[in-house]
Enquirer: 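Got a structure here, written out as structure tokens. Questions coming.
These values consider heavy atoms only, across backbone and side chains, with no hydrogens, waters or symmetry-generated copies. Letters A, B, ... are given to chains in the order of the sequence lines, protein chains preceding strands, and every chain is numbered from 1.
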Amino acid sequence: MTLRTFLRSMVAAAAGQVARAGGSDLPADFQPRIDYTPDLKFGHYATPAAMELAKVLKQNPRAIAEKLIAAIDVSAFEKVEIAGAGFINFTLNPAQIAATVTFDSVGKWLENCRKETAGEKVIFEYVSANPTGPMNIVSARAASVGDSITRVLRAAGHSVHREYYVNDYGNQVEKLGLSFAYRYLQKFTAIDLPEDCYQGEYIVLYLDRLIADGKISTEITLDAGKAASLNRDQWIADAAKYFAPLGIRSILHDQQTDLKNFRTEFDAFFSEATLHEQGRVLGIAEELKRRGKLRSEDGAQLFVSTEYGDDKDRVVVRSDGRPTYLLADIAYHADKVARGFQTIIDIWGPDHHGYIARLSGALKALGFGEHAGESFKVIIAQQVNLLENGQPVVMSKRLGKFQTMRDLIEKIPVDVCRYFFVTRGLSTHLDFDLTLALDQSKKNPVYYVQYANARIHSIFRECGQPPQGFATGELATAVAGHAERAALFYWLMRFPELLQDIARNYEIQRLPEYLYQTATLFTSFYHGKGNRIKDLLQENPSHAQVLLSLCNLTTQVLETGLELLGISAPREMHRDED
RNA sequence: GCGCACGUAGCUCAGUUGGAUAGAGCAGCAGCCUUCUAAGCUGCGGGUCAGGGGUUCGACUCCCUUCGUGCGCGCCA
């Protein structure tokens with residue numbers, strides 16, 4: 001259990017009792033807030049429950065706080081007191097901590113805390129870059145954040161399916177095939193690349209690879225003579241059709257490689273084309289029609305998204321009978337529902353926020369959200385301004401001159417990239433200065449966290465002690481009266497609570513922040529008077545053992561936390577001499 | 001024009017479903033290596049939380065409004 005859960009149930013029981021005595025019932029789902037005190041001198045946890053109850057009971061908060069305390073077994077605590085407008089501050093005693101946190105490894109502790117979570121069946125979609133070119137920096141941001149959130153969701157007890165949607169259907173696929181065809185023809189003939197082709201040089205690189213690998217069929221293969229004599233339009237049409245799936249496959253393959261190198265894992269890559277092939281895209285239009293959510297206009301079918309807060313109704317079937325991208329996306333999300341997911345989360349790029357209303361409207365129209373616990377949430381990953389030497393790097397996909405995710409990984413260590421992306425909330429635009437990231441790499445916060453962990457293992461090495469388990473009761477007793485030890489210990493006790501919070505609000509940036517603070521508190525303990533374990537080993541061996549166990553708890557939290565962020569946790573680090 | 005975001009220290013950003021005195025890194029200044037790693041530690045300076053109004057015991061947080069920035073407003077994806 002977490003200490004917070006322990007306190008929450010205690011305060012909830014007291015609040016119920018006080019409310020009943022005051023002649024009113026609390027809402028069935030009333031959960032008192034349990035906050036951290038702003039300073040350990042106020043205690044370990046605090047609750048503003050009396051202020052919340054004051055509204056319901058129409059009584060003075062401090063008077064209610066008195067009654068709440070009377071309903072709690074105060075003798076079990078070190079101290080319970082009322083402060084300010086009516087906060088109740090709790091100072092736990094070691095026996096309570098020993099009884100609540102009873103595990104000798106952080107892994108087992110988290111495993112036990114998972115039982116507090118009503119595990120949801122979650123599908124988390126992120127990155128989903130078009131398979132028509134290399135991934136950009138926003139994809140890298142979404143990859144870091146999405147991957148880390150899903151790891152935390154799992155650690156907190158949810159079942160998570162990680163998915164990547166592949167837009168391998170429609171205009172852009174044809175456009176890609178055409179781009180390959182023209183690039184191939186250009187090798188033998190002077191011909192301009194049409195404007196509606198992908199202009200990037202990467203097409204040529206992929207083409208060269210296909211040629212080198214002997215992947216081009218004899219009907220399409222060109223040589224100088226054939227290029228001069230062929231029916232050009234016919235060849236282009238055939239070649240475009242031939243190259244399209246090959247190009248998609250090659251590009252997707254590279255995207256998967258990049259993601260893997262970025263330590264971003266997916267459980268499935270979902271092909272849009274399969275939905276079309278199975279008739280499920282137009283099928284979902286029928287379903288919407290049955291539900292009275294389509295209307296006709298100029299021969300096209302429109303989804304009445306205005307009923308769900310959209311600016312205007314949106315075309316889902318064109319007048320020529322072809323479905324739009326929106327319809328395919330509706331079918332895709334309907335498929336997620338059909339697969340039994342209750343919580344559907346997408347991370348989208350910055351240019352898609354106008355799209356949320358129509359898609360969530362469509363899900364509502366199809367009945368998703370009518371059952372308790374069903375939710376659809378879109379998180380928008382805002383744009384990244386890439387800077388080099390303080391100057392913006394121009395990113396223009398059209399001109400094919402854009403910074404790719406691969407460039408990023410090649411330039412900057414994955415540990416630094418992932419930490420950097422995940423430290424900022426997704427909803428703000430962020431400046432990423434490549435030069436700065438490299439120049440300051442030695443001072444980068446991620447190294448500070450890793451260094452703290454390496455230091456702990458250095459202690460283990462120096463003391464000749466392999467990491468042992470930890471006994472929380474003994475620790476709580478040993479840290480009492482030592483500012484640095486206590487600050488570190490009670491901070492570590494929050495770890496599972498933090499994961500529970502992130503699993504609820506998806507604010508992943510709180511994890512790196514927490515780990516940084518953990519490193520700071522550890523380092524300050526490390527330098528603190530009387531905390532030098534190597535010396536204590538002779539002077540006071542039992543004391544040394546307890547402090548080693550505090551170190552062990554710290555490293556387990558750091559290593560688990562870094563793992564959740566996909567960042568390595570080296571146990572030995574050495575400075576490069578420059 | 002309409003819609004959705006964002007605006008916090010010189011710079012980049014945190015700020016727990018509204019909670020006690022608004023924080024960190026970088027940059028700046030002053031100290032600290034016979035020490036389990038100085039990739040470190042200690043201290044200092046730095047803020048009308050874009051402006052104004054409202055809601056309440058309490059607002060960086062919620063509502064309204066003004067200003068600024070970004071994005072979206074296709075029978076493209």
Enquirer: Identify the two heavy atoms, one from Pro350(A) and one from Ile380(A), that lie closest to each other, and give their separation to 0.1 Å.
Expert: CA-CG2, 3.9 Å
Enquirer: Think Lys377(A) forms a cation-pi with Tyr506(A), using NZ or CZ under 6.0 Å from the six-ring centre and within 45 degrees of its axis?
Expert: no
Enquirer: Distance check, C1' atoms only: rU61(B) and rG19(B), in whole angstrom units.
Expert: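 Here rU61(B) and rG19(B) have their C1' atoms 11 Å from each other.
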Enquirer: Taking atom P of rG25(B) as reference, at what distance in whole Å does atom CZ of Phe432(A) sit?
Expert: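 Roughly 20 Å, once rounded to whole Å.
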Enquirer: Return yes if some donor-acceptor pair links the side-chain N/O of Asp346(A) with the main-chain N/O of Trp348(A) below 3.5 Å, else return no.
Expert: no
Enquirer: What distance, rounded to whole Å, do you find between the two C1' atoms, one in rC11(B) and one in rG46(B)?
Expert: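 About 13 Å, rounded to a whole number of Å.
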Enquirer: Would you confirm whether the ring centroid of Tyr45(A) sits within less than 6.0 angstrom of the ring centroid of Phe90(A)?
Expert: no
Enquirer: Where the side chain of Gln545(A) meets the backbone of Asn540(A), is there a donor-acceptor pair that is under 3.5 Å apart?
Expert: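 The answer is no, because no donor-acceptor pair under 3.5 Å joins these two groups.
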Enquirer: Could you tell me the Watson-Crick or G-U partner of rC71(B), where both distances fall under 3.5 Å? Say none if there is no partner.
Expert: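 Here rC71(B) is engaged in a pair, and the nucleotide opposite it is rG3(B).
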Enquirer: What contact category does Gly299(A) fall into here, base, sugar-phosphate, or nothing, at under 4.0 angstrom with non-hydrogen atoms?
Expert: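 Counting heavy atoms under 4.0 Å across all strands, no contact is made by Gly299(A).
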Enquirer: Taking only the side-chain nitrogens and oxygens of Arg504(A), find out if one of them lies under 4.0 Å from OP1 or OP2 of rU16(B).
Expert: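 No, no such contact exists.
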Enquirer: Shortest non-hydrogen contact from Asn453(A) to Pro570(A)?
Expert: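 Where Asn453(A) meets Pro570(A) most closely, the heavy atoms are ND2-O, 3.5 Å.
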Enquirer: Of the nucleotides rA77(B), rU35(B), rC41(B), which has the atom closest to the Arg532(A) side chain?
Expert: rU35(B)
Enquirer: Using the P atom in both, what is the distance from rU21(B) to rU34(B), to the nearest Å?
Expert: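 The answer is 43 Å between these two P atoms.
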Enquirer: Quick one: do Leu176(A) and Tyr198(A) satisfy side chain to side chain contact (heavy atoms under 4.5 Å, CB included)? Show the steps, please.
Expert: CA-CA 7 Å; Leu176(A) 185 72; Tyr198(A) 294 106; 3.9 Å; yes
Enquirer: Give a yes/no answer on whether the side chain of Gln465(A) brings an N or O atom under 4.0 Å of OP1 or OP2 in rC36(B).
Expert: no
Enquirer: Expressed in angstrom and rounded to an integer, what is the separation of Asn444(A) atom CG from rC26(B) atom P?
Expert: 10 Å
Enquirer: In whole Å, measure the gap between the C1' atoms of rU69(B) and rC32(B) for me.
Expert: 44 Å
Enquirer: Expressed as a whole number of Å, how far does the C1' atom of rU56(B) sit from that of rC62(B)?
Expert: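 That atom pair is separated by 11 Å.
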Enquirer: Report the base-pairing partner of rG47(B) (Watson-Crick or G-U wobble, both distances below 3.5 angstrom), or none.
Expert: none
Enquirer: Please check if the side chain of Arg314(A) supplies one atom and the backbone of Lys312(A) the other of a donor-acceptor pair under 3.5 Å.
Expert: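 Side chain of Arg314(A) to backbone of Lys312(A), a donor-acceptor pair under 3.5 Å: yes, one is there.
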Enquirer: Under 4.0 Å between any heavy atoms, over every strand shown, what does Ile356(A) touch: base, sugar-phosphate, or nothing? Just pick one.
Expert: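 Touches nothing.
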Enquirer: Please confirm whether Arg455(A) makes a cation-pi placement over Tyr526(A), using NZ or CZ under 6.0 Å from the six-membered ring centre and within 45° of the ring normal.
Expert: yes
Enquirer: So Asn453(A), base contact, sugar-phosphate only, or nothing? Heavy-atom distance under 4.0 Å.
Expert: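 No contact at all - Asn453(A) keeps every heavy atom at 4.0 Å or more from the nucleic acid.
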Enquirer: Counting only distance, no hydrogens or angles, is the base of rC13(B) paired donor-acceptor with the side chain of Thr423(A) under 3.5 Å?
Expert: no
Enquirer: What interatomic distance, in whole Å, is found between P of rA50(B) and the corresponding atom of rG15(B)?
Expert: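 Each nucleotide's P atom is 15 Å from the other's.
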Enquirer: Nucleotide by nucleotide, 5' to 3', does protein get under 4.0 Å of the base (B), only the sugar-phosphate (S), or neither (-) in nucleotides 18-23 of chain B, counting heavy atoms?
Expert: -BBB--
Enquirer: How would you label the glycosidic angle of rC44(B): syn (within 90° of 0) or anti?
Expert: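 In terms of base orientation relative to the sugar, rC44(B) is anti.
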Enquirer: Hey, does Asp310(A) reach any base, or is it just sugar-phosphate, or nothing, if we go heavy atoms under 4.0 Å?
Expert: nothing
Enquirer: rC60(B) and rC6(B): how far apart are their C1' atoms, nearest whole angstrom?
Expert: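 Roughly 14 Å separates the two C1' atoms.
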Enquirer: Tell which nucleotide pairs with rC41(B), taking only Watson-Crick or G-U wobble pairs whose two distances are both under 3.5 angstrom.
Expert: rG31(B)
Enquirer: Would you tell me if any nitrogen or oxygen in the side chain of Arg424(A) comes within less than 4.0 Å of OP1 or OP2 on rC13(B)?
Expert: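 Checking Arg424(A) against rC13(B): no side-chain N or O falls below 4.0 Å of OP1 or OP2.
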Enquirer: Side chain of Thr428(A), heavy atoms from C-beta onward: which of rU42(B), rC13(B), rA77(B) has the nearest atom to it?
Expert: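 Selected nucleotide (nearest to the side chain): rC13(B).
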Enquirer: Taking the C1' atom of each, how far is rG7(B) from rC49(B), in whole Å?
Expert: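 10 Å, rounded to whole Å.
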Enquirer: Between Tyr447(A) and rA38(B), is there a side-chain N or O to OP1/OP2 distance below 4.0 Å?
Expert: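 The answer is no; no side-chain N or O of Tyr447(A) sits under 4.0 Å from OP1 or OP2.
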Enquirer: Please tabulate, one pair per line, each protein N/O and nucleotide N/O from nucleotides 67-74 of chain B that are separated by under 3.5 Å, including the distance.
Expert:
{"from": "rG70(B)", "atom 1": "O2'", "to": "Gln383(A)", "atom 2": "OE1", "distance (Å)": "3.2"}
{"from": "rC71(B)", "atom 1": "O2'", "to": "Pro350(A)", "atom 2": "O", "distance (Å)": "3.0"}
{"from": "rC71(B)", "atom 1": "O2", "to": "His353(A)", "atom 2": "NE2", "distance (Å)": "2.7"}
{"from": "rG74(B)", "atom 1": "OP2", "to": "Lys312(A)", "atom 2": "NZ", "distance (Å)": "3.0"}
{"from": "rG74(B)", "atom 1": "O5'", "to": "Lys312(A)", "atom 2": "NZ", "distance (Å)": "3.4"}

Enquirer: Hey, is the main chain of Phe270(A) close enough, under 3.5 Å, to the side chain of Thr274(A) for a donor-acceptor pair?
Expert: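 Between the backbone of Phe270(A) and the side chain of Thr274(A) there is no qualifying donor-acceptor contact (under 3.5 Å).
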Enquirer: Any chance the side chains of His158(A) and Thr117(A) put a donor and an acceptor closer than 3.5 Å?
Expert: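 No pair is found: no donor N or O on one side chain lies under 3.5 Å from an acceptor on the other.
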